[in-house]
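What follows is one structure encoded as structure tokens, with my remarks underneath.
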Amino acid sequence: MVTRPYVVLSAAVSVDGRLDDTACDRLVLSNRRDLDRVDGERAAADAILVGANTLRKDNSRLVIASSALRARRIAARKPEHPLKVTVTRSADLRTDLAFWHCGGAKLVFTLDGALGRARRTLGVFADVVSAGAVLDWGRLLDELGRRGVGRLLVEGGGDVHTQLLALDLVDELHLVLAPLLVGEVGAPAFLGPAPYPGGPTARMKLLEVRPIDDVVLLRYAPKVRS
């Protein structure tokens, strides 16, 4: 039996539930202390996953910024940076994205129909595997488990968040609330409509509330509902 990773979903949102605004440059929702906390979460993970849309929009590097945290991983006989994972149905990702050119090992999940294209265009940068004819998150998590990933940090975006929570695959939710109101039509939302487990009256277990300067971290256990 394959042991799936412990899945931690991490997101920062505005008070009106947006991950970003509609401008070209990324809207920074977290503050410096909270970004340091996220760096610690990255250092504690075996892999970090981000969706293709988020890669295209943010040009995310997904590396550990702190040299001290990287040194601790090396001392613990872990890779300097966690495995970087992305999911793309189309394999339509630019090869000049920062994701490919920094950090350590990379893994791309795509669909059967896009596997050939993905391997031709991205195979020089990453290991490329299929997650099925349609995206099968269970198969994806099983593959990560086979590769020794015990803790997976998921950093977006909204489609990925929605799918994982709707499938009840998230063990821990880290939601940072920033004191901003985006208020723009078309700004990406943290979650979309979905048949979430238990329906609208099922309450997730609250694990922690932590003020971090002007933002608040809320930690929930989504699989524990009342």
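Looking only at side-chain heavy atoms (C-beta outward), Pro179 and Val215 come within less than 4.5 Å of each other. The shortest distance between side-chain heavy atoms of Val176 and Val216 does not fall below 4.5 Å. Under the 4.5 Å side-chain criterion, counting only non-hydrogen atoms from C-beta, Phe109 is in contact with Glu143. Side-chain contact between Asp46 and Pro82: absent, with no pair of heavy atoms (C-beta onward) separated by less than 4.5 Å. With contacts defined as side-chain heavy-atom distances shorter than 4.5 Å, the pair Val87/Gln163 does not qualify. Considering only heavy atoms from C-beta on, His161 comes within 4.5 Å of Leu9 through its side chain. At a threshold of 4.5 Å between non-hydrogen side-chain atoms, the residues Val8 and Leu152 do not count as touching. Val108 has its side chain out of reach of Val129: every pair of non-hydrogen atoms, C-beta onward, lies at least 4.5 Å apart.
As a member of the Ile/Leu/Val/Met/Phe/Trp/Tyr network built from side-chain separations under 4.5 Å, Leu69 groups with Ile64. Cluster partners of Val182, by chain and number: Leu27, Leu29, Leu180. The rule joins Ile, Leu, Val, Met, Phe, Trp and Tyr whenever side-chain heavy atoms lie under 4.5 Å apart.
Considering Leu83, Thr86, Thr54, Leu140 as possible partners of Leu49, the one that fulfils the side-chain contact (heavy atoms from CB on, under 4.5 Å) test is Leu140. With Phe99 as the fixed residue, the side-chain contact (heavy atoms from CB on, under 4.5 Å) test singles out one of Leu93, Leu62, Asp58: Leu62.
For the salt bridge (charged side-chain N to carboxylate O under 4.0 Å, His left out) condition, the pairs that include at least one residue of residues 86-109, sequence neighbours left out, are Asp92-Arg117, Arg94-Asp96. For residues 181-192, the pairs satisfying side-chain hydrogen bond (donor to acceptor under 3.5 Å, both in side chains) are Thr22-Glu184, with sequence neighbours left out. Within the structure, salt bridge (charged side-chain N to carboxylate O under 4.0 Å, His left out) contacts touching residues 118-127 (residues at least two apart or in different chains) are Asp127-Arg147. Counting only residues at least two apart or on different chains, the salt bridge (charged side-chain N to carboxylate O under 4.0 Å, His left out) pairs with a member in residues 10-24 are Asp20-Lys57. Each side-chain hydrogen bond (donor to acceptor under 3.5 Å, both in side chains) pair with one or both residues in residues 215-226, not counting sequence neighbours, appears once here: Asp168-Arg225, Asp171-Lys223, Glu172-Arg219, Glu208-Arg219. Applying the salt bridge (charged side-chain N to carboxylate O under 4.0 Å, His left out) test to pairs two or more places apart or on separate chains, those with a residue in residues 64-74 are Arg70-Glu80.
When every heavy atom of Leu144 is checked against every heavy atom of Pro5, the shortest pair comes out as CB-CG, 3.9 Å. Pro197 and Ala202 get closest at one heavy-atom pair: O-CB, 3.8 Å. For Ala11 against Leu19, the heavy-atom pair with the smallest separation is CB-CD2, 4.1 Å.
No hydrogens or angles considered: a donor-acceptor pair under 3.5 Å links the side chains of Ser130 and Asp112.
In terms of the ring pair (Phe, Tyr, Trp, His ring centres under 6.0 Å) criterion, Trp137 has no residue partners (sequence neighbours excluded). In terms of the ring pair (Phe, Tyr, Trp, His ring centres under 6.0 Å) criterion, Tyr196 has no residue partners (sequence neighbours excluded). For the side chain to side chain donor-acceptor pair (under 3.5 Å) test, no residue two or more places apart in sequence or in another chain qualifies with Arg139. In this view, Tyr6 satisfies the ring pair (Phe, Tyr, Trp, His ring centres under 6.0 Å) rule with no residue, not counting sequence neighbours.
Classified by interplanar angle (parallel below 30°, tilted 30° to 60°, perpendicular above 60°), the ring pair Phe125/His101 is perpendicular.
Between Arg33 and Asp213 a salt bridge is recorded (basic side-chain N to carboxylate O distance below 4.0 Å). The existence of a salt bridge linking Asp36 and Arg32 is confirmed by a sub-4.0 Å separation between a basic side-chain nitrogen and an acidic carboxylate oxygen. Between Glu41 and Arg151, at least one side-chain N (NZ, or NE/NH1/NH2) sits under 4.0 Å from a carboxylate O, which counts as a salt bridge.
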Between Asp34 and Arg37, does the salt bridge (Lys or Arg N to Asp or Glu O under 4.0 Å) criterion hold? Intermediate values first, please. CA-CA 5 Å; Asp34 185 58; Arg37 178 195 63 80; 2.7 Å; yes

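Panel note: side chain Thr162, backbone Gly192; a donor-acceptor pair is recorded below 3.5 Å.
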